[in-house]
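I have placed the structure first, in the form of structure tokens, so that the comments after it can refer back to it.
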Amino acid sequence: MSQRITGISSMATRQVLAELARAFEQRSGCAVAIESVGGVDAARRVQAGEPFDVVVLASDAIDRLIASGQVVGERVDLVRSPVAIAVRAGAPHPDVASELALRRAVLSSRHISYSTGPSGVHLARLFERWGIAQEIRNRIVQAPPGVPVGTLVARGDVELGFQQLSELMHLDGIDVLGTLPDEIQFITIFSAGLCAGSAQVSAVRAMLEFMTSPEAAQIKRRHGSEPA
């Protein structure tokens, strides 16, 4: 493969991007290497000028990179990603089917975990709105950037974990209870941007065209997301 696209993304899109990249490689003959790290770290590295051809992050993070000139052109929305809930494999499954039931489950859990990404921001605001933020403050274990919440759940460090469904569904040692109830669900749009200074502009555009095509929809759903 004479051409090679390099990219960086947040962990939430690691699995879906890996499969989409493989499918694009097979069709185009262009190699794709996308590194997945914590979203905050990925944005920082792009902001610092580390050379990449493409970056995939939450849409608001891509907007900030466009505003700062690190990403050029318009952002390309790829997937819509819901927040899900997990417990350790084999543990009792609390009722999380409604907002009230989930609030009870949170209050009865000894330790709770969420990420530093968009889903974690949403959970923190939700707990504030519920009026329980101070009550559960000492029970919250925030996963470090790049560390899946599900790994803390699988180890038994926390009883209830919240993160993007795409990050929880492929992990061993946990049971995914489902997504947040509709009335409190939070959908993150993950988007791609062409990095300034990329020498693979045409190849990146061709790859993003494929990644937003109807053909890619089935791959996205297989990894817990919907086409954006």
Side-chain angles (χ1 to χ4, degrees), residues 1-43 45-46 50-63 65-66 70-84 115 117-119 145-146 148-150 163-172 176 179 186-228:
M1 295 183 182
S2 57
Q3 276 189 304
R4 185 172 186 267
I5 294 170
T6 62
I8 191 167
S9 79
S10 59
M11 294 295 290
T13 53
R14 181 173 64 92
Q15 297 274 7
V16 67
L17 286 178
E19 186 169 349
L20 287 170
R22 285 195 302 271
F24 177 71
E25 284 181 345
Q26 293 169 359
R27 287 159 175 74
S28 68
C30 177
V32 181
I34 299 177
E35 179 184 358
S36 295
V37 297
V40 173
D41 189 35
R45 288 169 61 181
V46 174
E50 192 169 333
F52 295 103
D53 297 306
V54 67
V55 55
V56 179
L57 294 169
S59 57
D60 59 342
I62 295 295
D63 287 342
L65 291 172
I66 292 172
Q70 303 302 320
V71 165
V72 295
E74 296 183 352
R75 78 176 202 228
V76 178
D77 296 340
L78 296 179
V79 297
R80 294 169 52 84
S81 177
V83 180
S115 76
S119 61
V149 168
Q163 201 162 32
Q164 309 298 142
L165 175 60
S166 58
E167 294 192 68
L168 292 173
M169 64 185 294
H170 297 298
L171 288 176
D172 294 327
V176 177
T179 54
F186 180 78
I187 301 295
T188 301
I189 297 176
F190 287 96
S191 308
L194 173 66
C195 293
S198 170
Q200 302 291 343
V201 174
S202 295
V204 170
R205 286 177 176 161
M207 181 181 74
L208 296 181
E209 185 177 351
F210 164 71
M211 288 186 173
T212 54
S213 69
E215 190 177 358
Q218 185 177 354
I219 295 174
K220 295 172 183 179
R221 294 190 176 101
R222 192 153 54 236
H223 293 282
S225 300
E226 286 293 323

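Just so it is clear, the structure is predicted and the values come from calculations on it, not from any experiment. Values below: all heavy atoms of this structure, side chains included; hydrogens, waters and symmetry mates excluded.
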Starting from the C-alpha separation in whole Å, work towards a yes-or-no answer on side chain to side chain donor-acceptor pair (under 3.5 Å) for Ser119 and Gln163. CA-CA 6 Å; Ser119 61; Gln163 201 162 32; 5.5 Å; no
For side-chain contact (heavy atoms from CB on, under 4.5 Å), just list the numbers for Ile8 and Val46, CA-CA rounded to whole Å, side-chain angles, deciding distance to a tenth of an Å, and then say yes or no. CA-CA 8 Å; Ile8 191 167; Val46 174; 3.6 Å; yes
Under the side-chain contact (heavy atoms from CB on, under 4.5 Å) criterion, do Val56 and Ile34 qualify, and how do the steps go? CA-CA 9 Å; Val56 179; Ile34 299 177; 5.6 Å; no
Would Ile5 and Cys30 count as a side-chain contact (heavy atoms from CB on, under 4.5 Å) if you check the C-alpha gap in whole Å, the side-chain angles of each, and the deciding distance to 0.1 Å? CA-CA 7 Å; Ile5 294 170; Cys30 177; 3.8 Å; yes
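By the 4.5 Å heavy-atom criterion applied to side chains, Glu226 and Val79 are not counted as neighbours. Inter-residue side-chain proximity for Ser59 and Arg75 is flagged as met; some heavy-atom pair is nearer than 4.5 Å. For the pair Val83 and Thr179, the minimum side-chain heavy-atom distance is 4.5 Å or more. In this structure, the side chains of Phe186 and Pro118 come closer than 4.5 Å at one or more pairs of heavy atoms. Between Gln164 and Ser115 there is no side-chain heavy-atom pair separated by less than 4.5 Å. Two residues are said to be in side-chain contact when any heavy atoms from C-beta on lie closer than 4.5 Å; Met211 and Leu17 meet this criterion. Between Val54 and Leu194 the shortest side-chain heavy-atom distance does not fall below 4.5 Å. In this structure the side chain of Leu65 reaches within 4.5 angstrom of the side chain of Leu57, judged on heavy atoms.
With rounding to the nearest 0.5 angstrom, the CZ atom of Phe190 is 9.0 Å from the OG atom of Ser9. Distance check: His170 NE2 to Gln15 CD gives 4.5 Å after rounding to the nearest 0.5 Å. Summarising the geometry, atom CZ belonging to Phe24 is positioned 11.5 Å from atom CD belonging to Glu215; distances are rounded to the nearest 0.5 Å. To the nearest 0.5 Å, atoms CD (Glu74) and CG (Asp63) are separated by 10.5 Å. Taken from CD1 in Ile66 to OG in Ser191, the straight-line distance is 8.5 Å, to the nearest 0.5 Å. Atoms CD and CG, on Glu35 and Asp41 in that order, are 8.0 Å from each other to the nearest 0.5 Å.
Checking side-chain atoms of Ser198 against main-chain N and O of Cys195 turns up no donor-acceptor pair under 3.5 Å. Listed for the Lys220 side chain is a donor-acceptor partner under 3.5 Å among the backbone atoms of Leu78. Gln3 places no side-chain N or O within donor-acceptor distance of the main-chain N or O of Gln200, the cut-off being under 3.5 Å. Thr212 contributes a side-chain N or O that, together with a main-chain N or O of Leu208, makes up a donor-acceptor pair within less than 3.5 Å. A donor-acceptor pair is defined here as one N or O able to donate and one able to accept, closer than 3.5 Å; no such pair exists between the side chain of Asp77 and the backbone of Ala228.
Under a 4.0 Å N-O distance rule, the pair Arg222/Glu19 qualifies as a salt bridge. Between Glu50 and Arg45 a salt bridge is recorded (basic side-chain N to carboxylate O distance below 4.0 Å).
Annotation for Gly224 and Leu165: closest pair O-CD2, 3.7 Å, computed over non-hydrogen atoms. Between Thr6 and Phe52, the closest heavy-atom pair is OG1-CA, 3.7 Å. Of all heavy-atom pairs between Phe210 and Ala23, the closest is CZ-CB, 3.6 Å. A pairwise comparison of heavy atoms in Ser36 and Met11 identifies O-SD, 3.4 Å as the closest pair. Contact record, Leu171 with Pro148: CD1-CB, 3.9 Å, taken as the closest heavy-atom pair.
Under the 3.5 Å distance criterion, with hydrogens and angles disregarded, no donor-acceptor pair is assigned to the side chains of Thr188 and Ser81.
More than 12 heavy-atom neighbours from other residues, nucleotides or ligands sit within 6.0 angstrom of CZ on Arg27.
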